[in-house]
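Here is the structure we will look at.
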There are 4 protein chains.
Amino acid sequence: MSKKQSILTAATELFARQGFNGTATSEIARKAGVAQGTVFHHFKCKENLLISICDELVTKYVEGIKEAAQGSGTGWDALERVLWFSLNFMAERTESITVAFRETRVLQHEGGELHDHFSALMSQIIDVKRDCIERGQADGSIRQVDPYKTAFLLYILIKGIHHTRAHGLLQVPDLNTEVVEFWRQSLATGNPHQ
Amino acid sequence: MSKKQSILTAATELFARQGFNGTATSEIARKAGVAQGTVFHHFKCKENLLISICDELVTKYVEGIKEAAQGSGTGWDALERVLWFSLNFMAERTESITVAFRETRVLQHEGGELHDHFSALMSQIIDVKRDCIERGQADGSIRQVDPYKTAFLLYILIKGIHHTRAHGLLQVPDLNTEVVEFWRQSLATGNPHQ
Amino acid sequence: MSKKQSILTAATELFARQGFNGTATSEIARKAGVAQGTVFHHFKCKENLLISICDELVTKYVEGIKEAAQGSGTGWDALERVLWFSLNFMAERTESITVAFRETRVLQHEGGELHDHFSALMSQIIDVKRDCIERGQADGSIRQVDPYKTAFLLYILIKGIHHTRAHGLLQVPDLNTEVVEFWRQSLATGNPHQ
Amino acid sequence: MSKKQSILTAATELFARQGFNGTATSEIARKAGVAQGTVFHHFKCKENLLISICDELVTKYVEGIKEAAQGSGTGWDALERVLWFSLNFMAERTESITVAFRETRVLQHEGGELHDHFSALMSQIIDVKRDCIERGQADGSIRQVDPYKTAFLLYILIKGIHHTRAHGLLQVPDLNTEVVEFWRQSLATGNPHQ
DNA sequence: GATGAATGAGTTTTCATTCAT
DNA sequence: TATGAATGAAAACTCATTCAT
């Protein structure tokens, strides 16, 4: 693993546990096994670490759900694959997700350039889900709900699970199956054309 | 408004916008219109500000949903009141909620005393909802779902809405009605014993 | 001497010897006998130290030459008093002058607000001298030279002496008498009206 | 232009604008279009850049005034050529001069070896001028002033012009003609032997 | 000759906290 | 109760310099 990568790994773990402002760059350097100067040699400023982490995460997630959505089958099948991909992704990438969701205010200042970049990426998350719903409504596998708002609720529920786990004050049971079943009950007709 | 209260108000707003670690006590003092020493005179240390904010918030919320749950009608009626109370509370207290949800790690160290205090309060949030569900299942107004996991999902969806709004990267539509309808569809039988 | 003043004194001496960028604020604090935080408590940033030093110096100098110029006698008499005041002031305030003349670039950025402030003060230095010359030309005590350019040359020669001394590579002899005689020779008619 | 030369050029410009301590070697490298290592490959340390700049400058200037002084004519004629050469040199080499005059303290430590080197060169500047004056006094073209102190004043006035321009807070008019006329008036007899 | 990744000492600045008034 | 000067530990960041390639 290159020094640059080990810095990113260390930063992700520390930001997740202690927050961006609660983590010193010296601590990141120590954990990554490099000199403090090396952190700044590669990332120029502390904030860039955060941006790198968020960027990699959101990009990978959008790629993943796009791929999940594209497969064969009904709209509901696609949506179910997106759901499962999201639940698994969330389990694997807890730390980055914690960071990306907690430290948004850092990504929002400065005339909105970064904000626009991430907003655009995030919008695609809603879009992919809405497309699945519309496709499902076209092929009869999904009920006539508002595609946009429902896509939001799908996103929100998954996000909510992450936050409740990350919050740490409640012991959250495994809810994956319930979530999928729950959405199947609410959305799936069980009855696509042909 | 007493100086103590204006300090709390200022702190809440600043913590919400900039995070606990991203906010200086001097900034709080300035915004509250008091001297920096006054902040420490009333709160002894910065962390106590955070604890005050969280404590007041969670206590009020638990009181609110308990009251909402106690009213007359079926279990589903009670649950619906709890839902609406939660959605409204969330709209009114966005800042405190943002603070309380983001800065948990600060509340978790110190041998767990604080952690236990808040864990106990949070558990009641799940309990109240579970009670409604069980009451609804007893009176036939709510389907035979897992009361505990469903209570969690109720909590999670509401929490998810808050976080998605607070995240700021997506323009979140008003989803109150959809949320209630969605749960009605998933949970309510429409057919209590009465 | 207040802590604030002792910080300024220490800073002046160190800036003069080592330059602004060559002097650490920690060094200033140590020399002034205060904690490093105290420097920033009083001056907010290192640059403000420099500005304070320059401001006090230029203000005092302008006051001094204005007062010297106002006295009785011919224009040449006034000019001679200004000259002597300048030469003495230069001897007494070598350190501040060194600082103020060497570190100008620090005073010039940022939309020119500071630049304008100091430019205005500096212009008065030329103005006072020019006024003396014009007064001397009116009363016949000073020859018909270009008042503006000559005022500049007066300023420049004094400034040059300071710099040559401060430069340190040449052992500069005492030139006060020569300078005054030199200007008398070049400017004074020895022959005012009445 | 060789890489070494382009480094020197970049350094001169940056030192003049930002000072020696205010300029990073990385900035010099970037401006010169070379890698940072290359700077150290050619100059071993940052200070050597400064020494090169000063050395080249002072050497050229001493050569120039010596040549100007050697020509034919009276002592005053020689002095006038030296004056004009100095004024022109100053206009052409503003940046290096700014650097050499501002950063002397850097050239002064180290047991005095460098200090002695530059002191010797600087003394020659006074010597050349004094020689002209003495030659002029011998041939009757220059009045009976103190040759040494007057040489200093000549040097000082020229230096003063440079500093006043470089200071940047005053808009300095063109004074070349005035300076020469002014010295002619003070020094020249207009009346050499033969 | 030329490079640029890596370093760690040093810099400016921030900030929670204390305390005398 | 309220203040704000004073502190010093810790933070982000800079930078001259080295060195393997």
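Note that these values count all heavy atoms, side chains included, but never hydrogens, waters or copies made by symmetry. Proteins get letters first, then strands, A, B, ... in listed order; numbering begins at 1 in each.
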Per-nucleotide pairing state of DNA chain E [Watson-Crick or G-U, under 3.5 Å; [ ] pseudoknot-crossing; | other strand]: .||||||||||||||||||||

Euclidean distance, atom CD1 of residue A:Ile28 to atom P of E:dG8 [Å, nearest integer]: 17 Å

OG-CG distance between C:Ser96 and C:Asp55, expressed to the nearest 0.5 angstrom: 12.0 Å

Residue B:Phe40, side-chain heavy atoms: nucleotide from F:dC13, E:dT12, E:dT18 that is nearest: E:dT18

Atom pair distance, as rounded to whole Å: CG in B:Leu14 and P in E:dA16: 12 Å

Atom-to-atom span, CD of B:Gln36 to P of F:dA2 - whole angstrom: 16 Å

Sugar-phosphate only, base, or nothing, as touched by D:Thr23 at under 4.0 Å among non-hydrogen atoms: sugar-phosphate

Residue met sooner reading DNA chain F from 5', once A:Lys46 and D:Cys45 are mapped to nucleotides: A:Lys46

Worked check of salt bridge (charged side-chain N to carboxylate O under 4.0 Å, His left out) between D:Lys60 and D:Glu56: CA-CA 6 Å; D:Lys60 282 268 171 59; D:Glu56 194 263 2; 2.9 Å; yes

Listed nucleotide nearest any side-chain atom of B:Thr25, set E:dT17, F:dT7, F:dG4: E:dT17

Distance in angstrom units between C:Asn21 CG and F:dT14 C1', rounded: 12 Å

Interatomic distance, D:Lys4 NZ vs E:dA2 P [rounded to whole Å]: 11 Å

F:dA5 phosphate, OP1 or OP2, under 4.0 Å from C:His41 side-chain N/O: yes

Nucleotide F:dA16, atom P - distance to NZ of D:Lys44 in whole Å: 16 Å

Interatomic distance, D:Phe43 CZ vs F:dA16 P [rounded to whole Å]: 15 Å

Option from D:His163, D:His162, D:His167 for which ring-ring contact (aromatic ring centres under 6.0 Å, His included) with C:Phe101 holds: D:His167

Proximal nucleotide (of E:dT11, F:dC15, F:dC13) relative to the C:Ala24 side chain: E:dT11

Nearest-nucleotide 5' precedence on DNA chain F, B:Ala35 against C:Thr38: B:Ala35

Among E:dA16, F:dT7, F:dT3, the one nearest C:Val34 by side-chain distance: F:dT7

Nearest listed nucleotide, side chain of A:His42, among E:dA6, F:dT7, F:dG4: E:dA6

Gap between atoms CD1 and C1', on A:Ile7 and F:dC13 respectively (whole Å): 14 Å

Stacked cation flag A:Lys46 on A:Phe15, 6.0 angstrom / 45 deg: no

Point-to-point distance, once rounded to the nearest 0.5 Å, from SG of A:Cys45 to CG of A:Leu50: 9.5 Å

Distance in Å, B:Leu114 CG paired with B:Glu47 CD, rounded so as to fall on 0.5 Å steps: 7.0 Å

Residue-phosphate contact under 4.0 Å: B:Lys3 side-chain N/O, F:dT3 OP1/OP2: yes

Residues that A:Arg17 engages under salt bridge (charged side-chain N to carboxylate O under 4.0 Å, His left out), provided they are two or more places apart: A:Glu13

